[in-house]
Amino acid sequence: MISRIDLRGDALPEGPALRDLLPRAEFDVQAALEKVRPICEDVHHRGDAALIEYAERFDGVRLDQVRVPAAALTRALEELDPAVRAALEESIRRARTVHREQRRSTHTTQVVPGGSVTEKWVPVDRVGLYAPGGRSVYPSSVVMNVVPAQEAGVESIALASPAQAEFNGLPHPTILAACALLGVDEVYAAGGATAVAMFAYGTESCAPANMVTGPGNIWVAAAKRYFTGRIGIDAEAGPTEIAVLADDTADPVHVASDLISQAEHDPLAAAVLVTDSVELADAVEKELEPQVAATRHVDDRIVPALSGRQSAIVLVDGIDEGLRVVDAYGAEHLEIQTADATAVADRVRNAGAIFIGPWAPVSLGDYAAGSNHVLPTGGCACHSSGLSVQSFLRGIHIVDYTKDALAEVAHHVVTLAEAEDLPAHGAAIKARFGWKVPESK
């Protein structure tokens, strides 16, 4: 069901050579970009009419309007299963607890007497958030996108999720209920690239946004790439990933269940076990079969994901080598199930989120740890972070110098301007002192 990659014995290669040995899903955003380009431009030129047409083509439902009526949000919350409501409320509470602590405050640095630089943090004015609605419904993604935006102080928040024929063209009612719980009343029945285009360009019913965030399929990722520069984005999210670094102290039942938990997302989902224990590898492989047989989404998601080129059991000589492998892989979700897992986790440099020990599975982070589950995929954890309050903030430097403070450094500014052959830069300083640069004190 799952392949093996044996990296024992020989010295591990460095950098890209090691990354090339590791499993990864094929995810050609550039190829998808050429297909979403005309769709995005059609939304640009025809607005809501194009969104309605694409909803009929891609989602099989004819919409009367793109924006979800307020009454539908109220009704969805009223009809929500009380147990699901309680779970969502707890997820929101924990996410707020974590994300509220991330908010940066204005800070002033006194560089010299009379000269200071202040950095203030300003939220973007308007964001468009995306909640997927294809193979599964993800109200948790509503929580993970809305909470950090709200805690950052974003004043205008809109959310899009695909129209569902089963629900008369509305997004899934649990998505709508989550929006109502969070106080988001601007919701649109739009999916994939059309939703991103709606936020980027604006339409008759939806004002353009400064930024678009949220996970999605390859068409969402391609549309984000298309609009990069026009709008801010969080990341080009690819298929979900889990990597587990484990030794012979790990419970194979736990490891197998965690690999399956991510494989059930999508046939391209990646599940990777890195271990120095052949015995654990054997036990996990044996444990996968009965656990897979006992769950759902087996043939359309789990088996293709576990048996695909993106998933594998990777054998290494020791935990040191395992750390090199998981750093090269840069997993979206990384579990550490080893002896002294906290110390091992402290040595990891590349991961979207790290889950320590047997009682912190990825599923906890997906819903109720308080952490954010919108994380970098495809190895992007080596240079990118998950979604946070900082994602929605812009740092602005405020420079405040007196005449004396400028005079003290003026000769350096003029010297550097002349070194760069930009005499007008220096002249802007000289003009303030009668064209004679003050001597340094």
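Sparse packing is recorded around CG of D64, with 12 or fewer heavy atoms of other residues, nucleotides or ligands lying under 6.0 Å away. Within a 6.0 Å radius of CZ in F58, more than 12 heavy atoms belonging to other residues, nucleotides or ligands are found. More than 12 heavy-atom neighbours from other residues, nucleotides or ligands sit within 6.0 angstrom of CD on E34.
When only modelled atom types and interatomic distance are considered, Q150 and R96 share a side-chain donor-acceptor pair under 3.5 Å. With hydrogens and angles left out, the side-chain atoms of Y138 and H373 include no donor and acceptor closer than 3.5 Å. In the model, Q337 has a side-chain atom that pairs as donor or acceptor with a side-chain atom of E335 under 3.5 Å. Between the side chains of Y54 and D42, at least one donor N or O sits under 3.5 Å from an acceptor N or O.
Contact detail for R347 and D327: the closest heavy-atom pair is O-OD2, 4.1 Å. In terms of heavy-atom proximity, L273 sits nearest to A246 at CD1-CB, 4.0 Å. Scanning both residues, G370 and V98, for their nearest heavy atoms gives O-CB, 3.1 Å. The minimum heavy-atom distance linking A341 with G357 is given by the pair CB-N, 4.0 Å. Between G191 and Y130, the shortest heavy-atom distance links the atoms CA-OH, 3.5 Å. Here the closest heavy-atom approach between residue F27 and residue P239 is recorded as CD1-CD, 3.4 Å.
In this structure, CE in M211 is found 10.5 Å from CZ in R394, a value given to the nearest 0.5 Å. Between atom CG of residue L306 and atom CD1 of residue I260 there is a gap of 6.5 Å, rounded to the nearest 0.5 Å.
Cation-pi geometry between R230 and Y201 is not met: the NZ or CZ atom fails to fall both under 6.0 Å from the ring centre and inside 45° of the normal.
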Show, in sequence, the C-alpha distance, side-chain angles and deciding distance for K224 and E236, and conclude whether the salt bridge (charged side-chain N to carboxylate O under 4.0 Å, His left out) test is met. CA-CA 7 Å; K224 284 182 177 180; E236 296 177 7; over 6 Å; no
Please report the C-alpha distance between R100 and E151 in whole Å, then the side-chain angles of each, then the deciding distance to 0.1 Å, and finally whether the salt bridge (charged side-chain N to carboxylate O under 4.0 Å, His left out) criterion is met. CA-CA 6 Å; R100 187 166 293 136; E151 293 302 322; 3.2 Å; yes
Just do the side chain to side chain donor-acceptor pair (under 3.5 Å) check on Y188 and Q65 with the steps written out, would you? CA-CA 9 Å; Y188 297 90; Q65 61 184 35; over 6 Å; no
Is there a side-chain contact (heavy atoms from CB on, under 4.5 Å) between V284 and L280 once you walk through the steps? CA-CA 6 Å; V284 168; L280 177 69; 3.9 Å; yes
Show the numbers, then the answer: is there a side chain to side chain donor-acceptor pair (under 3.5 Å) between N145 and T213? CA-CA 7 Å; N145 279 271; T213 74; 2.7 Å; yes
Yes or no on side-chain contact (heavy atoms from CB on, under 4.5 Å) for I2 and I313, after CA distance, side-chain angles and deciding distance? CA-CA 7 Å; I2 190 168; I313 295 174; 3.9 Å; yes
Using salt bridge (charged side-chain N to carboxylate O under 4.0 Å, His left out), reason through R75 and E78 one step at a time and then give a plain yes or no. CA-CA 5 Å; R75 183 171 63 252; E78 290 172 347; over 6 Å; no
Evaluate T108 against V117 for side-chain contact (heavy atoms from CB on, under 4.5 Å), listing each step before the verdict. CA-CA 6 Å; T108 298; V117 175; over 6 Å; no
Could you go through the side-chain contact (heavy atoms from CB on, under 4.5 Å) check for L22 and I5 one step at a time? CA-CA 8 Å; L22 303 177; I5 299 173; 5.6 Å; no
Could you walk me through whether R19 and E14 pass the salt bridge (charged side-chain N to carboxylate O under 4.0 Å, His left out) test, one step at a time? CA-CA 8 Å; R19 289 196 294 272; E14 299 290 338; over 6 Å; no
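Without hydrogens or angle criteria, Q310 side chain to A269 main chain gives a donor-acceptor distance under 3.5 Å. D276 contributes no side-chain N or O that, together with a main-chain N or O of D247, makes up a donor-acceptor pair within less than 3.5 Å. Panel note: side chain Q110, backbone V112; a donor-acceptor pair is recorded below 3.5 Å. Remark: side-chain polar atoms of S384 are not paired, donor with acceptor, to backbone N or O of P376 under 3.5 angstrom. Although no hydrogens or angles enter the test, the distance criterion places a donor-acceptor pair under 3.5 Å between the side chain of S257 and the main chain of V253. Between the side chain of D266 and the main chain of R301, no donor-acceptor pair closer than 3.5 Å is present. Side-chain atoms of S391 never come within 3.5 Å of backbone atoms of L387 as a donor-acceptor pair (strictly under, hydrogens ignored). A donor-acceptor contact shorter than 3.5 Å links the side chain of T275 to the backbone of S277. Although no hydrogens or angles enter the test, the distance criterion places no donor-acceptor pair under 3.5 Å between the side chain of D258 and the main chain of P361. Of the possible donor and acceptor atoms, one in the side chain of E241 sits under 3.5 Å from a partner among the backbone N and O of E332.
Between S363 and S261 the shortest side-chain heavy-atom distance falls below 4.5 Å. At least one side-chain heavy atom of C206 sits under 4.5 Å from a side-chain heavy atom of M198. Between V111 and Y401, the closest side-chain pair of non-hydrogen atoms falls below 4.5 Å. Taking the side chain as every heavy atom from C-beta outward, L259 and Q262 never approach each other to under 4.5 Å. Considering only heavy atoms from C-beta on, R103 comes within 4.5 Å of P123 through its side chain. When side chains are defined from C-beta on, P173 does not count as touching L80, because their heavy atoms never get closer than 4.5 Å. When side chains are defined from C-beta on, I233 counts as touching I231, because their heavy atoms get closer than 4.5 Å. Residues L170 and P69 meet the side-chain proximity criterion, which asks for heavy atoms closer than 4.5 Å.
Taking the charged nitrogens against the carboxylate oxygens, E321 and R324 have no contact shorter than 4.0 Å, which rules out a salt bridge. Between E119 and R104 there is no salt bridge, since no side-chain nitrogen of the basic residue lies less than 4.0 Å from a carboxylate oxygen of the acidic one. Salt bridge E155/R126: absent, no basic N to carboxylate O contact under 4.0 Å. Salt-bridge annotation for R57 and E53: present, with a side-chain N of the basic residue lying under 4.0 Å from a carboxylate O of the acidic one. For R93 and E90, the salt-bridge test passes: some basic side-chain N is under 4.0 Å from an acidic carboxylate O.
A distance below 6.0 Å separates the ring centres of H254 and W359. A centroid separation of 6.0 Å or more is found between the aromatic rings of F199 and F227.
Partner V146 forms a side chain to side chain contact (heavy atoms under 4.5 Å, CB included) with one of V154, V127, V184, L181 and no other, that one being V184.
In this structure, the side-chain hydrogen bond (donor to acceptor under 3.5 Å, both in side chains) partners of D48, at least two apart in sequence or on a different chain, are T203, S205. Partners of D6 under the salt bridge (charged side-chain N to carboxylate O under 4.0 Å, His left out) rule, at least two apart in sequence or in another chain, are R8.
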